[in-house]
Student: 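The following block contains the structure, expressed as structure tokens.
If you're wondering where the values come from, they're calculated on a predicted model, not measured in any experiment. The chains referred to below are lettered A, B, ... by the order of the sequence lines, with proteins before strands, and numbering in each begins at 1.
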Amino acid sequence: MSSRIRVRFAPSPTGLLHIGGLRTALYNYLFAKKEGGTFVLRIEDTDQKRYVKDAEDDILQSLTWAGIVPDEGPGNPGEYGPYRQSERKERYLKYAEQLVDAGYAYYAFDTPEEIEHMKEHLRTPENPTPKYEIQSRMTMRNSLTLSDEEISRLLSEKKEYVIRLKIPDGERIHFEDAVRGPVSFESEMLDDQVLIKADGMPTYHLANVVDDHEMKISHVIRGEEWLSSAPKHILLYTYFGWDAPEMAHLPLIMSPSGGKLSKRKAEKEGIPINTKDYREQFYEPEALVNFLALLGWSPGDDRELLSMKEMVESFSLDRIGKSGAIFDHAKLLWFNEHYIRAKSDAELAKELQAYVKEVGIPHKQDDNDGLGDGSAEPDAGEGNISWPSLTEEQKKIFTDTKYMETVVRLLKERVSRLPDFLDSGSFFFEAPAEYDAKAVKKGWKEATPSLLQAYTSQLDIVEEEEFKAPLLKTRLKEVIEKENVGMGKLMMPVRIAVTGLGSGPDLFESMELLGKEEVLRRIHTAIEKLSGS
RNA sequence: GCCGCGUUCGUCUAGGGGUCUAGGACGCCGCCCUUUCACGGCGGUAGCACGGGUUCGAAUCCCGUACGCGGUACCA
């Protein structure tokens with residue numbers, strides 16, 4: 001006999017899965033796994049107006065990518081299906097009518113205009129949002145005010161109607177929230193929530209309660225935006241005579257500028273909001289998951305880098321924080337760097353190849369710096385790129401696994417995200433088109449060309465097979481000794497010539513990888529281009 | 001407006017009456033390593049929102065204020 005713990009992630013397919021949703025799913029998942037329970041995915045597609053066709057696919061793909069795989073869901077039904085609310089439509093009406101019969105709900109025939117008129121009438125500065133409730137409902141056209149004949153006539157004429165919950169008067173509704181402790185609401189503050197909409201579909205509130213009950217959900221773990229409607233749900237459980245599940249309302253993920261991290265806000269602040277964005281930009285899923293887990297939860301000790309397994313082992317609802325957590329992209333990048341470095345060169349090379357195949361290579365137009373104060377901005381570099389197709393030559397390079405693995409090995413310690421390999425290692429894939437102005441100014445002097453000549457004449461006589469890092473270094477040392485200059489005097493110009501940049505991975509290893517012919521060509525090109533001007 | 005929830009370094013957090021001159025991490029700064037940069041190592045910067053209580057003692061408990069956030073739909 002397995003555990004009775006059952007949790008669900010119940011997104012509505014109105015768009016791509018955003019990271020807040022992903023975190024909610026994650027917490028549900030961690031709790032389920034920790035308790036040996038079941039993690040259910042339920043699609044809450046009761047709003048036909050906002051339905052987005054591909055959203056469900058995206059949700060599942062994103063969850064899978066993150067390693068948060070549902071035990072039950074539309075794709076892998078358990079014994080409580082179907083798992084899409086649109087496919088469970090009939091049962092909600094039945095339950096709602098049951099409530100009507102018991103006197104806990106009623107039919108309402110008001111048109112939207114009539115409701116708006118009522119609210120308009122009641123609206124004052126002190127009460128900007130009038131409700132459909134104990135007072136106002138008696139002025140409306142519903143089964144509380146209409147005669148029985150009138151009601152059955154309207155019903156039989158198939159007039160549009162909704163079913164509303166009859167909120168009781170003067171009750172205080174208490175419940176215990178697993179993360180917040182005791183919470184209570186005055187019933188006066190609730191309005192007569194619509195349970196069944198005019199189109200026959202249930203609202204979230206009804207569907208949610210019915211499904212959680214029918215699917216034997218033991219713990220409802222969801223975002224704090226639901227806290228205010230929890231009393232309505234509690235009321236529904238009571239009226240149905242069901243035990244309410246445990247509730248846990250998660251703190252919201254906030255934007256750096258304050259407020260809920262909405263799509264709009266995130267975009268404005270340069271934060272990828274959809275899980276799909278992270279997939280497409282090849283973030284390490286472990287990094288996102290680790291980061292998200294710690295945004296509002298902590299294992300109770302000083303560990304920060306946790307595998308899914310470790311998170312499962314340490315997870316508990318009472319270690320979830322109560323206040324909103326600001327999304328810190330810089331910290332996410334730190335996690336990402338960590339997980340990149342934890343991967344093998346072969347693994348990374350493969351991913352990089354996949355990335356290029358899918359996306360292409362970025363071509364920087366201008367404003368190419370890589371030096372200077374760039375390190376201050378974690379997100380620098382985006383915006384000025386285009387994605388042209390690869391040349392034959394580049395295809396050859398990118399399919400050369402050995403080559404790619406070396407690139408990865410040389411660059412791994414200096415990238416934050418997978419695409420950065422292409423950015424900071426662009427010279428591995430094409431000769432520098434321009435030279436970093438700062439570096440040139442600092443390291444390219446009058447005497448440079450002759451020094452470079454001296455070095456290249458040494459390199460000229462190196463056999464191709466001998467063109468290895470240690471030898472290249474030795475040759476360079478010999479030249480500077482002979483010319484009686486410091487190492488930087490030669491190394492910097494060589495770096496500029498070969499990479500176009502003032503800094504980067506080990507120069508000699510980079511040269512070895514590029515090969516004799518290419519290196520010599522680049523040095524000669526640089527002398528031509530930089531010495532004239 | 002009303003209702004609800006919250007408030008520890010810039011950010012994520014530990015801490016739940018004495019062990020707190022508040023710990024860790026990211027970021028930032030400095031030093032070391034490296035004749036580049038990065039990684040790494042070491043060090044530093046910075047915080048209990050405010051005001052009242054309770055107590056021998058409060059970041060921790062209570063009240064109030066301020067501020068923030070959420071909700072206030074035939075959206076979820």
Student: Separation of A:His233 atom NE2 from B:rG71 atom P, in whole Å?
Tutor: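 It works out to 13 Å between those atoms.
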Student: Testing A:Thr139, A:Asp191, A:Asp110 one by one against A:Tyr132 for a side chain to side chain donor-acceptor pair (under 3.5 Å), which residue passes?
Tutor: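 With A:Tyr132 as partner, A:Thr139, A:Asp191, A:Asp110 yield a single side chain to side chain donor-acceptor pair (under 3.5 Å), made by A:Asp110.
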Student: Touch check for A:Arg222, heavy atoms < 4.0 angstrom, all strands: base, sugar-phosphate only, or nothing?
Tutor: nothing
Student: Hey, does A:Asp191 reach any base, or is it just sugar-phosphate, or nothing, if we go heavy atoms under 4.0 Å?
Tutor: sugar-phosphate
Student: How is A:Ser228 classified with respect to the nucleic acid when contacts are heavy atoms under 4.0 Å: base, sugar-phosphate, or nothing?
Tutor: base
Student: Kindly state which residues belonging to residues 121-134 of chain A come within less than 4.0 angstrom of RNA chain B, counting heavy atoms of the residue only, listed by number.
Tutor: A:Pro125, A:Glu126, A:Pro128, A:Thr129
Student: In chain order, what residues pass the side chain to side chain donor-acceptor pair (under 3.5 Å) check against A:Glu286, with sequence neighbours excluded?
Tutor: none
Student: Kindly indicate, with the supporting measurements, whether the criterion side chain to side chain contact (heavy atoms under 4.5 Å, CB included) is fulfilled by A:Leu190 and A:Ile173.
Tutor: CA-CA 11 Å; A:Leu190 276 25; A:Ile173 300 148; 3.8 Å; yes
Student: At under 4.0 Å between heavy atoms, what does A:Glu304 touch on the DNA or RNA strands: base, sugar-phosphate, or nothing?
Tutor: base
Student: Check the side chains of A:Arg303 and A:Ser314 for a donor-acceptor pair under 3.5 angstrom, ignoring hydrogens and angles.
Tutor: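 A:Arg303 and A:Ser314 do have a side-chain donor-acceptor pair below 3.5 Å.
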Student: Considering residues, nucleotides and ligands other than A:Lys265, do more than 12 of their heavy atoms fall under 6.0 Å from its NZ?
Tutor: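 Yes - once you tally the heavy atoms of other residues, nucleotides and ligands closer than 6.0 Å, there are more than 12.
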Student: Can you list the residues that meet the side chain to side chain donor-acceptor pair (under 3.5 Å) rule with A:Glu225, with sequence neighbours excluded?
Tutor: none
Student: What is the pairing partner of B:rA22, taking Watson-Crick or G-U wobble pairs with both distances under 3.5 Å in any strand?
Tutor: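 Check on B:rA22: unpaired, no WC or wobble geometry under 3.5 Å.
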Student: Between A:Phe335 and A:Ile480, name the one whose nearest nucleotide on RNA chain B is closer to the 5' end.
Tutor: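 Of the two residues, A:Phe335 wins.
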Student: Below the 4.0 Å mark, does B:rG71 have OP1 or OP2 next to a side-chain nitrogen or oxygen of A:Lys260?
Tutor: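 Answer yes for this pair, as a side-chain N or O of A:Lys260 is under 4.0 Å from OP1 or OP2.
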Student: Any base atoms under 4.0 Å from A:Arg23, or only sugar-phosphate, or nothing? Heavy atoms, all strands.
Tutor: nothing
Student: Specify the separation, in whole Å, of atom CH2 of A:Trp334 and atom P of B:rG24.
Tutor: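 Rounded to the whole Å, the gap is 14 Å.
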Student: Please report the distance separating the C1' of B:rC31 from the corresponding atom of B:rU45, rounded so that it comes out in whole Å.
Tutor: 15 Å
Student: Which residues satisfy the ring pair (Phe, Tyr, Trp, His ring centres under 6.0 Å) test with A:Phe327, sequence neighbours excluded?
Tutor: A:Phe291
Student: Check this for me: A:Lys166, atom NZ, are more than 12 non-hydrogen atoms of other residues, nucleotides or ligands nearer than 6.0 Å?
Tutor: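 Count not over threshold, so no.
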Student: Are side-chain N/O atoms of A:Tyr83 and A:Asp211 paired as donor and acceptor at under 3.5 Å?
Tutor: no
Student: Considering residues at least two apart in sequence or located in another chain, which fulfil the ring pair (Phe, Tyr, Trp, His ring centres under 6.0 Å) criterion with A:Tyr27?
Tutor: A:Phe315
Student: If pairing requires Watson-Crick or G-U wobble contacts with both distances under 3.5 Å, which nucleotide is the partner of B:rG17?
Tutor: none
Student: Classify the angle between the aromatic ring planes of A:Tyr283 and A:Tyr278 as parallel (below 30°), tilted (30 to 60°) or perpendicular (above 60°).
Tutor: perpendicular
Student: Salt bridge (Lys or Arg N to Asp or Glu O under 4.0 Å): which pairs involve residues 245-263 of chain A, sequence neighbours left out?
Tutor: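 Salt bridge (Lys or Arg N to Asp or Glu O under 4.0 Å) check on residues 245-263 of chain A returns no pairs.
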Student: Please work out which residues in residues 481-496 of chain A have a non-hydrogen atom less than 4.0 Å from an atom of RNA chain B and list them by number.
Tutor: A:Met487, A:Arg495
Student: Would you say a side-chain N or O of A:Arg409 is under 4.0 Å from OP1 or OP2 of B:rA38?
Tutor: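 Looking at the OP1 and OP2 atoms of B:rA38, neither is under 4.0 Å from any side-chain N or O of A:Arg409.
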Student: Do other residues, nucleotides or ligands put more than 12 heavy atoms under 6.0 Å from A:His174 NE2?
Tutor: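 Yes, the 6.0 Å shell around NE2 holds more than 12 heavy atoms from other groups.
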Student: Any strand is fair game: report the nucleotide pairing with B:rG6 by Watson-Crick or G-U wobble, both distances under 3.5 Å, or none.
Tutor: B:rC67
Student: May I ask you to say what A:Ala198 touches in the nucleic acid, namely base, sugar-phosphate or nothing, with a heavy-atom cut-off under 4.0 Å?
Tutor: base
Student: Of the nucleotides B:rA76, B:rC69, B:rG24, which one has an atom closest to the side chain of A:Trp226?
Tutor: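 The answer is B:rA76.
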Student: My understanding is that a pair needs two contacts under 3.5 Å, Watson-Crick or G-U wobble. By that rule, which nucleotide pairs with B:rG1?
Tutor: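 When the pairing criteria are applied, B:rU72 turns out to be the nucleotide that pairs with B:rG1.
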Student: Compare side-chain N and O positions of A:Lys322 against OP1 and OP2 of B:rC69 and report whether any pair is under 4.0 Å apart.
Tutor: no
Student: Does A:His18 have any ring pair (Phe, Tyr, Trp, His ring centres under 6.0 Å) partners at least two apart in sequence or in another chain, and if so, which?
Tutor: none
Student: Once you round it to whole Å, what is the distance between C1' of B:rA76 and NZ of A:Lys49?
Tutor: 12 Å
Student: Across the strands shown, which category fits A:Asp110 at heavy-atom distances under 4.0 angstrom: base, sugar-phosphate, nothing?
Tutor: base
Student: Can you sort out the partners of A:Glu186 under salt bridge (Lys or Arg N to Asp or Glu O under 4.0 Å), two or more places apart, ordered by chain and number?
Tutor: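 With neighbours one apart ignored, the set is A:Arg172.
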Student: In the strands shown, is B:rG40 matched to any nucleotide by a Watson-Crick or G-U wobble pair with both distances under 3.5 Å, and which?
Tutor: B:rC32
Student: With rounding to the closest Å, how many angstrom separate the P atoms on B:rC5 and B:rG23?
Tutor: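 Each nucleotide's P atom is 32 Å from the other's.
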Student: Once ring pair (Phe, Tyr, Trp, His ring centres under 6.0 Å) is applied, do any residues pair with A:Phe427, and if so which ones, sequence neighbours excluded?
Tutor: none
Student: When we call it a touch if two heavy atoms are under 4.0 Å apart, what does A:Met201 touch: a base, just sugar-phosphate, or nothing?
Tutor: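 Since no nucleic acid heavy atom lies under 4.0 Å of A:Met201, the category is nothing.
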Student: Considering only the C1' atoms, how many Å lie between B:rU60 and B:rG44, rounded to the nearest integer?
Tutor: 29 Å
Student: Considering all heavy atoms of both residues, which atom of A:Ala526 and which atom of A:Ala497 are nearest to each other, and what is their separation?
Tutor: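 Heavy atoms only, the tightest pair is CB-CB, 3.4 Å.
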Student: Please report, rounded to the nearest Å, how far the P atom of B:rC5 is from the CD atom of A:Glu176.
Tutor: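 A:Glu176 atom CD is separated from B:rC5 atom P by 12 Å.
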Student: Students often get this wrong, so: under 4.0 angstrom with heavy atoms, is A:Phe185 touching a base, only sugar-phosphate, or nothing?
Tutor: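 Result for A:Phe185 = sugar-phosphate.
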Student: Which whole number of Å gives the distance between the P atom of B:rC63 and that of B:rU7?
Tutor: 14 Å
Student: Now, which nucleotide makes the Watson-Crick or G-U wobble pair with B:rG57, with each of the two distances under 3.5 Å?
Tutor: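 With both distances under 3.5 Å required, B:rG57 matches none.
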Student: In whole Å, measure the gap between the C1' atoms of B:rG47 and B:rU34 for me.
Tutor: 36 Å
Student: Does A:Val415 or A:Lys331 map to a spot on RNA chain B nearer the 5' end, using the closest nucleotide for each?
Tutor: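 Taking each residue's closest nucleotide, the earlier one in sequence belongs to A:Lys331.
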Student: Considering only B:rC5, B:rC12, B:rA76, which nucleotide approaches the side chain of A:Arg50 most closely?
Tutor: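 Given the options B:rC5, B:rC12, B:rA76, the side chain of A:Arg50 is closest to B:rA76.
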Student: For a quick check of understanding: with a heavy-atom distance under 4.0 Å over all strands, which category does A:Arg303 fall into, base, sugar-phosphate or nothing?
Tutor: nothing
Student: Along nucleotides 41-49 of chain B, 5' to 3', which nucleotides get a B, which get an S, and which get a -, given that the test is a protein heavy-atom distance under 4.0 Å?
Tutor: ---------
Student: Counting side-chain heavy atoms from CB outward, which of B:rC74, B:rA76, B:rG4 is closest to A:Pro112?
Tutor: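 Closest of the options to the side chain of A:Pro112: B:rC74.
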Student: Can you identify which nucleotide, out of B:rC74, B:rC5, B:rA76, has its nearest atom closest to the A:Leu227 side chain?
Tutor: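 My answer, after comparing the listed nucleotides, is B:rC5.
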Student: Hey, can you pull the residues of residues 293-300 of chain A with a non-hydrogen atom under 4.0 angstrom from RNA chain B?
Tutor: A:Leu294, A:Leu295, A:Gly296, A:Ser298
Student: If you compare every side-chain N and O of A:Arg180 against the phosphate oxygens of B:rG70 (OP1, OP2), does one of them come in below 4.0 Å?
Tutor: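 Negative; the distance criterion is not met.
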Student: Going by atom types alone, do A:Ser257 and A:Glu269 pair a side-chain donor with an acceptor below 3.5 Å?
Tutor: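 Their side chains do contain a donor-acceptor pair, which is all the 3.5 Å distance test asks for.
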Student: In whole Å, measure the gap between the C1' atoms of B:rC3 and B:rU21 for me.
Tutor: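 Per the computed distance, 43 Å lies between those C1' atoms.
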